[in-house]
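Structure first, commentary second.
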Amino acid sequence: MSAPLEHTLVAVTFERYFSGETFDKVPPHITILPWFDARGRMCVIDEVVKETEPFSIVRDGPMTVGGQGHEKKAVSVKSPALIKLHEELFKRLVENGVEFSHPLWLGSQYTPHYRKLEDRDPFDEHPEMVINEIAIFDNIAVRGLSKGKKIVTYLRMGDA
């Protein structure tokens with residue numbers, strides 16, 4: 001992979017984009033792991049994803065995310081397999097020296113959620129979604145590039 005990956009986000013996207021595509025902000029997604037330094041650790045992420053079989057997610061209900069004064073409305077997602085994927089990635093990355101800036105929202109405190117699109121909810125079209133890949137984003141804005149977020153690649157599940 002050519003991206004430096006100092007600021008990496010692991011997520012499930014609701015639409016498929018091209019690797020290398022850039023955005024001003026991350027397109028609609030469910031965060032699996034928030035921004036962290038993935039340099040030298042992509043093999044750990046790839047290994048966990050390959051060990052994970054595709055799974056389904058369903059909309060759960062409304063919730064609020066963010067700290068006091070920064071609350072935003074969101075929708076929680078129900079998926080024991082997504083939580084398991086998050087926990088395994090989090091555990092193995094910490095074992096490999098990754099430090100997360102907001103660890104209070106990780107591990108046992110992780111609640112998968114998404115923010116609704118401007119005028120639609122992706123679950124209105126598909127009440128249950130099968131997840132068979134995850135997206136790796138790089139925050140290229142920190143290097144002064146014009147658009148802030150870039151899809152580095154997608155990793156397919158169950159390819160072990």
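Quantities reported herein were computed from a predicted structural model and do not represent experimental measurements.
- For the atom pair CD of Glu21 and NZ of Lys150, the computed distance is 11.5 Å after rounding to the nearest 0.5 Å.
- A heavy-atom distance below 4.5 Å is found between the side chains of Met129 and Pro122.
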Between Met42 and Val152, does a side chain to side chain contact (heavy atoms under 4.5 Å, CB included) hold up when you go through it step by step?
-> CA-CA 11 Å; Met42 281 304 297; Val152 177; over 6 Å; no

Inset, instruction - Show the numbers, then the answer: is there a side chain to side chain contact (heavy atoms under 4.5 Å, CB included) between Leu9 and Leu33? - result: CA-CA 6 Å; Leu9 172 79; Leu33 288 173; over 6 Å; no

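- In this structure, His113 and Ile30 have side chains that are not in contact, with every pair of non-hydrogen atoms separated by 4.5 Å or more.
- The CZ atom of Phe137 lies 9.0 Å from the OG1 atom of Thr31; values are rounded to the nearest 0.5 Å.
- Between Phe14 and Tyr114, the angle of the ring planes goes over 60°, which puts this pair in the perpendicular group of the 30/60° scheme.
- Leu106 is connected to Val44 through a chain of hydrophobic side-chain contacts under 4.5 Å among Ile, Leu, Val, Met, Phe, Trp and Tyr, so both are in one cluster.
- Under the 4.5 Å side-chain criterion, counting only non-hydrogen atoms from C-beta, Thr111 is not in contact with Trp105.
- Note that the CZ atom of Arg16 and the CD atom of Glu133 stand 4.0 Å from one another [nearest 0.5 Å].
- Placement of Met63 and Val58 in two distinct hydrophobic clusters is found when ILVMFWY residues are connected by side-chain heavy-atom separations under 4.5 Å, directly or transitively.
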Practice prompt. Given side chain to side chain contact (heavy atoms under 4.5 Å, CB included), test Ile134 with Leu85 step by step and report yes or no.
Written response: CA-CA 11 Å; Ile134 63 167; Leu85 173 61; 4.2 Å; yes

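- With contacts defined as side-chain heavy-atom distances shorter than 4.5 Å, the pair Ile151/Ile136 does not qualify.
- Using a 4.5 Å cut-off on side-chain heavy atoms (C-beta onward), Leu89 and Ile45 make contact.
- Atom OG1 of Thr52 sits about 10.5 Å away from atom CD of Glu47, to the nearest 0.5 Å.
- Considering only heavy atoms from C-beta on, Lys91 comes within 4.5 Å of Glu88 through its side chain.
- Taking 4.5 Å as the limit, every side-chain heavy atom of Val98 sits out of range of all side-chain heavy atoms of Asp37.
- Taking CG of Leu93 as the reference point, atom OG1 of Thr8 lies at 10.0 Å (rounded to 0.5 Å).
- When side chains are defined from C-beta on, Tyr110 does not count as touching Phe90, because their heavy atoms never get closer than 4.5 Å.
- A continuous path of ILVMFWY side-chain contacts below 4.5 Å connects Ile131 to Phe123, so both sit in one hydrophobic cluster.
- With Thr13 contributing its side chain and Glu15 its backbone, the two residues share a donor-acceptor pair below 3.5 Å.
- Residues Ala11 and His29 approach most closely at CB-CD2, 3.9 Å, considering heavy atoms.
- Ion pairing of Arg92 with Glu95 is absent here, as no side-chain N (NZ or NE/NH1/NH2) approaches a carboxylate O to less than 4.0 Å.
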Would you mind writing out the side-chain donor-acceptor pairs for residues 70-79 within the sub-3.5 Å range, not counting sequence neighbours?
unit_1 : atom_1 : unit_2 : atom_2 : d
Glu71  : OE1    : Gly69  : N      : 3.2
Glu71  : OE2    : Gly69  : N      : 3.2
Ser76  : OG     : Asp60  : OD2    : 3.4
Ser76  : OG     : Gly61  : N      : 3.2
Ser76  : OG     : Gly61  : O      : 3.1
Ser79  : OG     : Ser56  : O      : 3.1
Ser79  : OG     : Leu82  : N      : 3.1

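- In summary, Arg59 and Asp121 engage in a salt bridge, as defined by a charged side-chain N under 4.0 Å from a carboxylate O.
- Here Leu155 contributes atom CG and Asp46 contributes atom CG; the two are 5.0 Å apart, rounded to the nearest 0.5 Å.
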Requested in this report: Please report the C-alpha distance between Glu87 and Lys84 in whole Å, then the side-chain angles of each, then the deciding distance to 0.1 Å, and finally whether the salt bridge (Lys or Arg N to Asp or Glu O under 4.0 Å) criterion is met.
Outcome: CA-CA 5 Å; Glu87 289 175 345; Lys84 182 179 177 187; over 6 Å; no

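- The ring pair (Phe, Tyr, Trp, His ring centres under 6.0 Å) test applied to Tyr17 returns Phe23, not counting sequence neighbours.
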